[in-house]
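On a predicted model such as this, the values are computed, not experimentally measured, just so you know.
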Amino acid sequence: MPAPLPRRTALKAAAAFTASLSLGLHRARAAGTELADAAQVVHDEIWRRFIDEYNILVDYTDYDGHFPRATAEECREGKPNALGWWTPTENGSMFNGMYMDGAVHRWKISRAATDKEKARKLMKGLLRLSSLGPIGFIARNVADDGKTPYPMGSNDQTGPWFYGLWRYVHEGLATPEERDIIVDQMVAVATVLAANRWLMPCNTGAPSPFRGSFAGFSWEHAPRLLFVLKAMHELTRDGKWAQMYQKAVEERGAPPLPPTAPGAPVATPPPAQSRLEICQKGMEFHGRWRHSWTCASGIICLRGLWEMETSAGYLRAYAQGLSASLQLAAGSLPLARQFDNASTAVCLIDWRELNAWWQPQHSEMEAVAVAERQAKELGRLSPRRGPEFNQVRESLFAAWIVSMCPDRSLVEPHRPAIIEAIQHFDYKRLYYSQFFPAEAAAYRLQLLEKA
């Protein structure tokens, strides 16, 4: 048995321990305050400028929140293109569904009626966007008449649409009446998608009947399909969705071949893999650019699957996918410090300049070709766009992805970099709204502290 410490030594040790504990608590409180303050700045700017009169999050505005909204005629004619790409109303369903993650978690922390009402507004915006065409068509936004959308949606719009409504119900914000309306609409859309072999319907009069799919065997497809099926079963308890989920999760198929240059040898087909294996590997980048923002549509679905799953094997696979995605996304966090807040580079707000390269579109391929031709000109006309996308958007979507990993031991080492990224930007001087994931990342980090 060791000899007892002298009284003076014991008192010093106790004092040192108390001081160390106090310092640790002080630092924890300071870090929590930093996150709350940073999230509030982002929140205030989003709601000052980017939530429109239809409760839909727009892509960009000027510093006062103004932007040119398309007319109904322009939407029907597909100007600047039938996809609505490069307009301020390009990604309403995608962004509303994603931003619901931040809105709901803000309410979970504050329990304030005002925060609950803001989440409700986003929900109403999502429901509106599923009511503007045939059942199954998820619109991007609306024209100046409040009801005419661009004719082509996509899987990028539809996946977050499901996630946002599910999250609102799952976290208990919906009233019984709201829950019935939401679930009925989700069932109607999911039923049509399943009948169409998981192709996304376009609006009547669109250049093509469909745009995008959930049915493939790649990161773009697997987590979205599994999430929708799992969510539909959770919300309805209808066994048919559970059966479809069980079949889909183990089903195997080969991912699409990458495009090859003319004359190049045909690539060897990759081996078949199950959707569970795809989810287990996590997100992946293709090409030279990091694109966490498009991968995030799959990450929110993977996180939802992790929260709903009860099978130990599936749960482990989803957790591994989230951990692997954290490791990949974390490499984008340092991009934040490359952004120059003092830059005065021009940002094109008047998208109608792109109509100089417009032409009628009669197929999905033609619509994409017109949009891609305009994108080349947009890079020249709007030099501000690149840095806001490649440094602001990429770093903050990456922060959100890191925060969605359920393993606190993996998230915590990146906490300082996430806080630094969120604090770096002068949000009042950003034109694009794609900094909104900073808010969700901050709330998830706060909630992780309490887990």
Let's go through Arg408 and Glu449 carefully: what are the C-alpha distance in whole Å and the side-chain angles of both, what is the deciding distance for salt bridge (charged side-chain N to carboxylate O under 4.0 Å, His left out) to 0.1 Å, and is it a yes or a no? CA-CA 8 Å; Arg408 183 174 180 177; Glu449 293 173 355; over 6 Å; no
Please assess Ile51 against Leu122 for the test side chain to side chain contact (heavy atoms under 4.5 Å, CB included), listing each intermediate value before the final yes or no. CA-CA 9 Å; Ile51 305 296; Leu122 297 176; 4.1 Å; yes
Show the numbers, then the answer: is there a salt bridge (charged side-chain N to carboxylate O under 4.0 Å, His left out) between Lys230 and Glu309? CA-CA 8 Å; Lys230 191 72 173 175; Glu309 188 54 70; 3.7 Å; yes
As a quick check of understanding, evaluate salt bridge (charged side-chain N to carboxylate O under 4.0 Å, His left out) for Asp115 and Lys108, giving each step before the final call. CA-CA 9 Å; Asp115 291 331; Lys108 286 181 71 173; over 6 Å; no
Stepwise salt bridge (charged side-chain N to carboxylate O under 4.0 Å, His left out) check, Asp340 with Arg384: CA-CA 11 Å; Asp340 180 8; Arg384 173 71 173 214; over 6 Å; no
As a quick check of understanding, evaluate side chain to side chain contact (heavy atoms under 4.5 Å, CB included) for Ile418 and Leu333, giving each step before the final call. CA-CA 7 Å; Ile418 291 175; Leu333 295 175; 4.1 Å; yes
Should Ser332 and Arg290 be marked as a side-chain hydrogen bond (donor to acceptor under 3.5 Å, both in side chains) after you check the CA-CA gap, both sets of side-chain angles, and the distance that decides it? CA-CA 7 Å; Ser332 293; Arg290 303 179 67 84; 2.5 Å; yes
Test side-chain hydrogen bond (donor to acceptor under 3.5 Å, both in side chains) applied to Tyr168 and Glu178, step by step: CA-CA 10 Å; Tyr168 183 82; Glu178 287 175 341; 3.0 Å; yes
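Counting only residues at least two apart or in different chains, side chain to side chain donor-acceptor pair (under 3.5 Å) contacts with residues 184-197 comprise Ser130-Gln185. Pairs of residues two or more places apart, or lying in two chains, that qualify as side chain to side chain donor-acceptor pair (under 3.5 Å) and include a residue from residues 295-306 are Arg303-Glu307.
Here the closest non-hydrogen pair linking Leu235 and Val169 is CD2-CG1, 3.7 Å. The two atoms that bring Pro201 and Val192 nearest to each other are CG-CG1, 4.2 Å, heavy atoms only. Nearest heavy atoms, Arg380 versus Pro383: O-CD, 3.8 Å. When every heavy atom of Leu225 is checked against every heavy atom of Ala248, the shortest pair comes out as CD2-CB, 4.2 Å. The minimum heavy-atom distance linking Cys295 with Met283 is given by the pair CB-SD, 3.5 Å. In this structure, Gln157 and Ser93 approach most closely via the heavy-atom pair OE1-N, 3.4 Å.
One finds the CD atom of Gln246 at 11.0 Å from the NE2 atom of His233 (value rounded to the nearest 0.5 Å). Put simply, CG on Leu302 and CZ on Arg224 are 12.5 Å apart, with the number rounded to the nearest 0.5 Å. Thr89 OG1 to Asn141 CG: the interatomic distance, rounded to the nearest 0.5 Å, is 5.0 Å. Summarising the geometry, atom CD1 belonging to Ile46 is positioned 7.5 Å from atom CD belonging to Glu439; distances are rounded to the nearest 0.5 Å. Between atom CZ of residue Phe389 and atom NE2 of residue His291 there is a gap of 14.5 Å, rounded to the nearest 0.5 Å. Taken to the nearest 0.5 Å, the OG atom of Ser154 stands 6.5 Å off from the CZ atom of Arg211.
Counting only N and O atoms by type, the side chains of Tyr150 and Arg140 include no donor and acceptor under 3.5 Å apart.
Applying the side chain to side chain contact (heavy atoms under 4.5 Å, CB included) rule to Ala296 yields the partners Met98, Phe397, Trp400, Ile401; only residues at least two apart in sequence or on another chain are considered. For Tyr318, the ring pair (Phe, Tyr, Trp, His ring centres under 6.0 Å) criterion is met by no residue, not counting sequence neighbours. In terms of the ring pair (Phe, Tyr, Trp, His ring centres under 6.0 Å) criterion, residue partners of Phe435 (sequence neighbours excluded) are, by chain and number, Phe50, Tyr427. Legend: residues meeting ring pair (Phe, Tyr, Trp, His ring centres under 6.0 Å) with Phe67, ordered by chain and number and at least two apart, are absent.
Put simply, the side chain of Phe137 reaches to within 4.5 Å of the side chain of Pro149, judged on heavy atoms. Arg167 is not listed as a side-chain neighbour of Leu173, based on a closest heavy-atom distance of 4.5 Å or more. Looking at Lys450 and Gln446, their side chains never come closer than 4.5 Å, going by heavy atoms from C-beta outward. Within the 4.5 Å cutoff, no side-chain heavy atoms of Ile349 are placed close to those of Thr61. Using a 4.5 Å heavy-atom threshold, the side chains of Leu322 and Pro406 count as touching. Residues Thr236 and Val183 meet the side-chain proximity criterion, which asks for heavy atoms closer than 4.5 Å. Using a 4.5 Å cut-off on side-chain heavy atoms (C-beta onward), Met186 and Ile182 make contact. Looking at heavy atoms from C-beta onward, Tyr432 lies in side-chain contact with Arg385 at the 4.5 angstrom threshold.
A donor-acceptor contact shorter than 3.5 Å links the side chain of Asn96 to the backbone of Asn55. In terms of modelled atom types and a separation under 3.5 Å, the side chain of Trp161 and the main chain of Leu126 share a donor-acceptor contact. Under a 3.5 Å cut-off, the side chain of His66 and the backbone N or O of Asp62 do not form any donor-acceptor pair. The closest donor-acceptor contact from the side chain of Asn341 to the backbone of Asp426 lies under 3.5 Å. Remark: the backbone N or O of Leu335 is not paired with any side-chain donor or acceptor of Ser395 at under 3.5 angstrom. A distance-only check finds a donor-acceptor pair linking the side chain of Glu277 to the backbone of Ser274 [under 3.5 Å].
A cation-pi geometry, defined here as NZ or CZ lying under 6.0 Å from the six-membered ring centre and within 45° of its normal, does not hold between Arg49 and Trp47. Relative to the ring axis of Trp219, Lys281 does not place its NZ or CZ within 45° and under 6.0 Å from the centre.
Under 4.0 Å is where a charged nitrogen must lie from a carboxylate oxygen, and between Glu251 and Arg275 at least one such pair does. Comment: Lys428 does not engage Asp44 in a salt bridge, judged by the lack of any side-chain N to carboxylate O separation of less than 4.0 angstrom.
Aromatic rings of Tyr60 and Tyr431 (six-membered ring for Trp) have centroids beyond the 6.0 Å cut-off, not under it. Two rings, from Phe227 and Phe162, have their centers 6.0 Å or more apart. Side-chain rings of His424 and Phe339 stay apart, their centers remaining 6.0 Å or farther from each other.
The number of heavy-atom neighbours closer than 6.0 Å to NZ of Lys240, taken from other residues, nucleotides and ligands shown, is above 12. The number of heavy atoms from other shown groups lying within 6.0 Å of CG (Leu447) is above 12.
Checking each of Tyr245, Trp166, Phe214, Tyr163 against Val228 for a side-chain contact (heavy atoms from CB on, under 4.5 Å) leaves exactly one that passes, namely Phe214.
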